[in-house]
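Order of the sequence lines sets the chain letters (A, B, ...), proteins ahead of strands, with each chain counted from 1. Heavy-atom basis, side chains included; hydrogens, waters and symmetry copies ignored.
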There are 4 protein chains.
Amino acid sequence: MPKPTLDFIAPEKRERLLCEAARLFAERGFESADMAELARRASVAKGSIYNYFENKEDLYLHVCRDGLTRSREAVFGGLDPSWDIYRQVEHIFLRGARFAREHPEYVRLYLNVSAAGMERFAERLTMEVEKPTADHLKNLIRSEQRAGRVRSDLDPRLGALFINSLYILVLASLVSRHFQIRLQEYLETEGEPREADVRPPLRQTIGVIHQLLRPASGTVGG
Amino acid sequence: MPKPTLDFIAPEKRERLLCEAARLFAERGFESADMAELARRASVAKGSIYNYFENKEDLYLHVCRDGLTRSREAVFGGLDPSWDIYRQVEHIFLRGARFAREHPEYVRLYLNVSAAGMERFAERLTMEVEKPTADHLKNLIRSEQRAGRVRSDLDPRLGALFINSLYILVLASLVSRHFQIRLQEYLETEGEPREADVRPPLRQTIGVIHQLLRPASGTVGG
Amino acid sequence: MPKPTLDFIAPEKRERLLCEAARLFAERGFESADMAELARRASVAKGSIYNYFENKEDLYLHVCRDGLTRSREAVFGGLDPSWDIYRQVEHIFLRGARFAREHPEYVRLYLNVSAAGMERFAERLTMEVEKPTADHLKNLIRSEQRAGRVRSDLDPRLGALFINSLYILVLASLVSRHFQIRLQEYLETEGEPREADVRPPLRQTIGVIHQLLRPASGTVGG
Amino acid sequence: MPKPTLDFIAPEKRERLLCEAARLFAERGFESADMAELARRASVAKGSIYNYFENKEDLYLHVCRDGLTRSREAVFGGLDPSWDIYRQVEHIFLRGARFAREHPEYVRLYLNVSAAGMERFAERLTMEVEKPTADHLKNLIRSEQRAGRVRSDLDPRLGALFINSLYILVLASLVSRHFQIRLQEYLETEGEPREADVRPPLRQTIGVIHQLLRPASGTVGG
DNA sequence: AATGAATGAGGATTCATTCAT
DNA sequence: TATGAATGAATCCTCATTCAT
């Protein structure tokens, strides 16, 4: 937990520090990120960082949580709860992809919680990251089932898990070098992946979700 | 590239070293893994490791590649190329899940290539890991399309990407603390995830793939 | 190049560090000098040294340059440019010998640039050490030739080279074990060379230089 | 002292080992020379070297002594003791210069005994290197004084010392990067020092020695 | 005698964190 | 509160030497 001091410093300074920290951690990983370099990049005294945070871990956790808040706002921000699940899913995926393009560092940080040696962070972060989305998706599926817009034989928990899984994969493909190369390998494209390369799988992914959720169309036709 | 020396030492010793290295790297991550501790765990002299490998990075790469070979053998080992895609996919997923349970360290290492700061490894490993599977899946889809067992309007590249993506997620859920907690959160289970917790999503995942591949049955019935 | 930090620490501390470094390097040579031991001897934290210098090489270069400055001040310090060359040469040799007795470590460091494996240091140090002295001696010989106090058929460049060569040998005999033993061997003295042992060759050396420079007196008398 | 084993191996092998050792030590210095690299360069097993020599120091000493023998043979080889001192000195300087060009590694090794941290080698080598030359020169001067070809007021010990000093400086200028750069600086030449650059100072050096030894020419005129 | 793998002490350097100013 | 110099534990890697084959 950051020290109270963090709240009292100039907002631009705080912003600078948190942004640079996010970038540096996303670039190097937790271990290799150097507090001295962070201080330099953020134009903040090395000692000052320790006035705001207990230690490197504390800073890391805060930066991750901060990123999650930003991510949530960016993705769920313009979402109208009255929309049907199809529109919501599309909104989430498109906004998520945009956020990943604009702030890859936060997505990288999120993905990095699953890296080797990061279990102590997963223990503290994963639940609080996943719960809101999990709850939202599960509730959404349930209410859409009641509305007859989602197959009633779908386990809402598995459905939610599935949607979120695909979401993670899409984001990963946008921000991680490994997933980018893999995407190129599968799609047989070359060079830096342009947005055009990502759109078809994104569309298809959304399509697959639709296919999964939609009540058997045969009954309609029947 | 390991030094030639590595080939000439006692096989049990080599095995011990590579296994312990895989475990340690999977446990701590590349940076935090300590060469001295590895030497201790593997009952090998610190200096000896440097007789076999140029440096820590060289060792890491070799351990990853070694893990990939083992993984490929375990998963594709018993696979009969004459099987139809549904049987092959099922085989791959079940064997993959078994391998992940028996050798989580190698799966962790694979996933870790996408971690922050590991880009230099991705640059060297990703392609060689992904290509064989990508090719196999793409060719399989194409031949199954010709056989009429897979929808002809499915882009084989996207289909292959999709199958592999789900495969990765399943494995990740089995070996990464972050993905385990996330799974618990979605499935509303508690404690150490038992195999029983994993089976339904695994089954469902295979089901979704079937659904994706299968030619529209409506038309048949039409 | 030392880091700017070096300029801001307490002068006594800087002095202590530089002195001990000069002594240690002179005693052990570059390779065998141990940074940890230096830190201990200078009562400075090991890490601190790396706050002041990029690395061992950087420190070594700085210590050498520092020694050169000290040496130049000690030797050329009280030198009056209006003196004739005979007086100047005598001054230089006597002051040089005194400096070598008081600060053998710096003379050892200077001589050590010519040691095996030190070429990279020679490449960076030699020119800047030698140029000022070379220029001074050459100009001095030229002006003394015009004044008729030095033989006009002497090539000023060779004359300067010669004077400096003898100077180096004198210093070497004062600070290097090898040259000391050699001196004992030639002079048939025993035990630690006392100042008395050095004076005759020093005198003779100065004498030889006089002999070399002096216009042929016979012609004058003739 | 080398082990007796050294005498029993194939002469070409011994030669290869000693040559490569001389080169490597001359190139890197004692500390930085790597026994493994030596073994590789000489195509000799690392362990074998320890069958011939007690340890690195023992090898170093032997290589130095070996070099001295070679040097002595090359320089004093064709010297006729009946020659007068002027001819002998010229012979020594010219042969020494040639040897330095053909085998710079041995001259470097000799000079290196005066390097920092090499005192323990000086203690063991210097005397045995210098004594024969010192004795020869002193005796030569004495007999030439009796023959009236050398000034009788010259202290033979100082004369010998002086001749040898200049000899060392000439050799150093031929083999040491530091002394080469210094020579360029004094002679105002550029680039790799060619033989032509060295000849004038060599000639002049011999000239100075003549000047020093020759009985007062006044008597001739008298 | 020859070999080269094994050993582990040793040494340069890094970096999170502290603390005096 | 801000600063950045000071600290020393930690870590990668080297290399002389040993020793089993």
Residue set satisfying salt bridge (Lys or Arg N to Asp or Glu O under 4.0 Å) with B/Arg65, at least two apart, ordered chain then number -> B/Glu128

Got a sec, which pairs hit salt bridge (charged side-chain N to carboxylate O under 4.0 Å, His left out) with one end in residues 112-122 of chain A, sequence neighbours left out? A/Glu57-A/Arg120

Restricting to salt bridge (Lys or Arg N to Asp or Glu O under 4.0 Å), what partner residues turn up for D/Arg14, sequence neighbours left out? none

Under the rule of Watson-Crick or G-U wobble with both distances under 3.5 Å, where | means paired to another strand and [ ] a crossing pair, DNA chain F maps to .||||||||||||||||||||

Heavy-atom distance under 4.5 Å between the side chains of C/Met35 and C/Leu59, does that happen here? yes

For the residue pair C/Cys19 and C/Tyr106, establish whether any side-chain heavy-atom pair is separated by less than 4.5 Å. yes

Applying ring-ring contact (aromatic ring centres under 6.0 Å, His included), name anything that partners D/Tyr50, two or more places apart in sequence or on another chain. none

Could you work out, with ring-ring contact (aromatic ring centres under 6.0 Å, His included) as the rule, every residue matching A/Tyr52, not counting sequence neighbours? none

When rounded to the nearest 0.5 angstrom, what is the spacing between CG in B/Leu6 and CG in B/Asn51? 10.5 Å

So, using side-chain hydrogen bond (donor to acceptor under 3.5 Å, both in side chains) as the criterion, who are the partners of A/Arg41 when residues are at least two apart? A/Glu27, A/Glu37

Side-chain contact, heavy-atom cut-off 4.5 Å: B/Glu123 with A/Arg177? yes

Just to be sure I understand the geometry, which residues of residues 6-37 of chain B put a non-hydrogen atom under 4.0 Å away from DNA chain F? B/Ala33, B/Asp34, B/Met35

Using the test ring-ring contact (aromatic ring centres under 6.0 Å, His included), find all partners of A/His62 that sit at least two apart in sequence or belong to another chain. A/Phe53

With sequence neighbours left out, what residues match A/Ser48 under side-chain hydrogen bond (donor to acceptor under 3.5 Å, both in side chains)? none

Could you state the atom-to-atom distance from CD of A/Glu57 to P of E/dC15 in whole Å? 18 Å

Nucleotide interval of DNA chain F bounded by contacts with chain B (heavy-atom cut-off, under 4.0 Å): F/dT11 to F/dT14

Please list residues of residues 43-54 of chain A whose heavy atoms come under 4.0 Å from any atom in DNA chain F, ordered by number; otherwise none. A/Ala45, A/Lys46, A/Gly47, A/Ser48, A/Asn51, A/Tyr52

Nucleotide E/dG10, atom C1' - distance to CG of C/Leu38 in whole Å: 17 Å

Thinking salt bridges, do C/Glu15 and C/Arg70 make one under a 4.0 Å N-O criterion? yes

